[in-house]
There are 2 protein chains.
Amino acid sequence: MTSVPVPPWRAERKKAPRRSLSREAIVTAALHVVDAEGLDALSMRRVAQELDTGAASLYAHVANKEELLELLLDRIQADVTRPEPDPERWQEQIKELARQGRGALVAHRDLARAAIGQGIPFGPNALLNAEAMLAILKAGGLSDQVCAYGVDALALFITATAVEESLRSQGFGESGVTLDEQIVRIREYFGSLPPEGFPHITGMVDALMRDEGDERFEFGLDLLVSGLARHAPA
Amino acid sequence: MTSVPVPPWRAERKKAPRRSLSREAIVTAALHVVDAEGLDALSMRRVAQELDTGAASLYAHVANKEELLELLLDRIQADVTRPEPDPERWQEQIKELARQGRGALVAHRDLARAAIGQGIPFGPNALLNAEAMLAILKAGGLSDQVCAYGVDALALFITATAVEESLRSQGFGESGVTLDEQIVRIREYFGSLPPEGFPHITGMVDALMRDEGDERFEFGLDLLVSGLARHAPA
DNA sequence: CCTGTTGGACGAACGCCGTTCGTGTTAAAC
DNA sequence: GTTTAACACGAACGGCGTTCGTCCAACAGG
């Protein structure tokens, strides 16, 4: 039986066995898409394309797009480092954790938008972070109820400011307009409002539009943390 | 020329001239859809159906769906009543305005979800409400910058808690499961976590899941307002 | 009264989307 | 070597936002 070459049009019909698909790989691919093209570009077809396959193949590993988003959000929570609670420094530790949580979100374009409207996050990393925050608040001497409401308010604030930031740094979704142009435009609009009807808005344009690094976030964060501190025993 | 009745199959080919379409009517119809079926059911086709027409007809009055959502959000802001600033009561007035803003959102199912990720609202009612908030804060003696960051933080908090509330009261988007069942389920899940890994979550289940009216919202609101008060002159 | 113009109404279609179904393929179990 | 169960995946379904071309009602000018 001499070996006969197979007809070329039959050989190599599949280049690879493609046995590589997995939850992890899918989430990683989805994160690549979000980082490269933004949340709106994240579709099942687009993720599948990233993996050289079809959209249907994803459903063997992921229930639906919503679950994929949950996995995505939990994945990025993995890179916050949780400090050992130090009762003396609980306020600064809370702030540091909040900064990291926000940083993890804004590091991935407008992914934060997916975090809103997703209910309580139950992923393993989300739970670890929540536990860490509760531990720090508790170390600060706060009551259970204040701790509970506190993490809730902080989580809300972190997510909301992350969304705001991603909108701010992405030209407000409009195309063909740079961020600076858009800001100038808004300033002009605010300035052009009738001063008799909007004395404060027109009078505070500079303060309203001010955007110096993380000042906005830090201001709100301090509001919350120092408010929580007032609930701590003297 | 005696008047001859037109053949019945020719008469009334169109029941009405349908000259009724307008921006106002479209926004009203859209609000009906959201109130009746939720934000996910709000499509251009669905709104058009509500007006006995086709989706294409809407585009003569509304640029696109995004603009329709903006109009919708501004419409519901119309029913907050803005108090005359009273420097003696500025904290309570801010809280009252915040409660109304949140109330307007949660009164329309999960419409709040559309408010996130929409940038700064520029509608007339939104501007009036922002102006009113600035006026009250200013009457409280706060600096321009504190006023500006303050309204921002308050607006973020109002929207975020409204979204949270709408999720909470709508069974977390899952179908066929009542709200109470879902809450019980979450409590069980939290309770079943390994206590050595999650001592605080497992120890605070009751505090974490507590849902007594607007306690959560009022707690966070007081955090923010009393934090702002610390920036006021003594 | 006729005619020309114009702006809104609207059916059909385009290119997306999330998801499902049926079939093909392959690697492990027997 | 054969069976079996899990995975891969093309095709299709119903729905979406939006655009295009056509149609028609109402008005303007003669």
Side-chain angles (χ1 to χ4, degrees), chain A residues 6 9-30 33-34 37-72 110 113-114 117-118 173-176, chain B residues 1 6 10-30 33-34 37-72 110 113-114 117-118 173-176:
Chain A
V6 289
W9 62 89
R10 294 272 271 148
E12 301 265 346
R13 283 206 11 227
K14 305 290 178 189
K15 334 186 91 172
R18 291 274 122 236
R19 270 280 159 281
S20 58
L21 228 44
S22 72
R23 246 169 198 256
E24 294 288 307
I26 290 172
V27 173
T28 303
V33 173
V34 171
E37 308 173 30
L39 186 63
D40 288 331
L42 184 75
S43 70
M44 300 301 272
R45 283 173 169 84
R46 183 68 189 77
V47 173
Q49 173 190 321
E50 199 79 3
L51 295 165
D52 285 322
T53 180
S57 306
L58 307 180
Y59 286 85
H61 306 270
V62 159
N64 47 38
K65 188 182 182 181
E66 191 181 323
E67 183 178 302
L68 175 54
L69 284 175
E70 283 173 28
L71 294 171
L72 215 42
D110 50 352
R113 259 177 36 214
Q118 184 107 3
E174 299 197 22
S175 57
Chain B
M1 192 74 81
V6 290
R10 293 272 272 149
E12 303 263 347
R13 284 202 14 219
K14 304 287 176 188
K15 332 186 96 172
R18 289 277 124 235
R19 274 275 160 284
S20 59
L21 227 45
S22 72
R23 245 171 199 255
E24 294 288 306
I26 290 172
V27 173
T28 304
V33 173
V34 171
E37 307 172 32
L39 186 63
D40 287 332
L42 184 74
S43 69
M44 299 301 272
R45 284 173 169 83
R46 182 68 189 78
V47 173
Q49 173 190 322
E50 199 78 3
L51 296 165
D52 285 323
T53 180
S57 307
L58 307 181
Y59 286 85
H61 306 270
V62 160
N64 47 39
K65 189 181 182 183
E66 192 181 323
E67 181 177 303
L68 176 55
L69 284 176
E70 285 174 25
L71 293 171
L72 214 43
D110 49 353
R113 259 180 32 217
Q118 184 107 3
E174 299 198 22
S175 57

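Side chains are part of it too, since the values below use all heavy atoms of this structure and drop only hydrogens, waters and symmetry mates. Order of the sequence lines sets the chain letters (A, B, ...), proteins ahead of strands, with each chain counted from 1.
- Between B:Thr53 and C:dA9, a side-chain N or O to OP1/OP2 separation shorter than 4.0 Å is absent.
- With sequence neighbours left out, B:Asn64 forms a side chain to side chain donor-acceptor pair (under 3.5 Å) with no residue at all.
- Remark: A:Glu70 pairs with A:Glu66, A:Gln118 by the side-chain contact (heavy atoms from CB on, under 4.5 Å) rule, at least two apart or across chains.
- Summarising the geometry, the separation between CD1 on B:Ile26 and C1' on C:dC10 is reported as 13 Å, rounded to the nearest angstrom.
- Summarising the local packing, CD of B:Glu67 is surrounded by more than 12 heavy atoms from other residues, nucleotides or ligands at distances under 6.0 Å.
- Scored by the side-chain contact (heavy atoms from CB on, under 4.5 Å) test, A:Ala56 finds no partners at all (sequence neighbours excluded).
- In this entry the distance linking CG of B:Leu21 with P of C:dA9 reads 5 Å, nearest Å.
- Put simply, CD on A:Gln49 is 13 Å from P on C:dG18, counting in whole angstrom units.
- Distances shown here put every side-chain N or O of A:Ser57 at or beyond 4.0 Å from the OP1 or OP2 atom of D:dA8.
- At whole-Å resolution of the value, CZ in A:Arg23 and P in D:dA8 are 14 Å apart.
- A search for side-chain contact (heavy atoms from CB on, under 4.5 Å) contacts involving A:Glu37 returns A:Ala41, A:Arg46, not counting sequence neighbours.
- Applying the side chain to side chain donor-acceptor pair (under 3.5 Å) rule to B:Thr28 yields the partners B:Arg75; only residues at least two apart in sequence or on another chain are considered.
- Within the 4.0 Å cut-off from OP1 or OP2 of D:dA6, not a single side-chain nitrogen or oxygen of A:His61 is found.
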### Task
Do nucleotides 12-18 of chain D as a string where each nucleotide becomes B, S or -: B if the base has a protein heavy atom under 4.0 Å, S if just the sugar-phosphate does, - if no protein is that close.
B---BBB

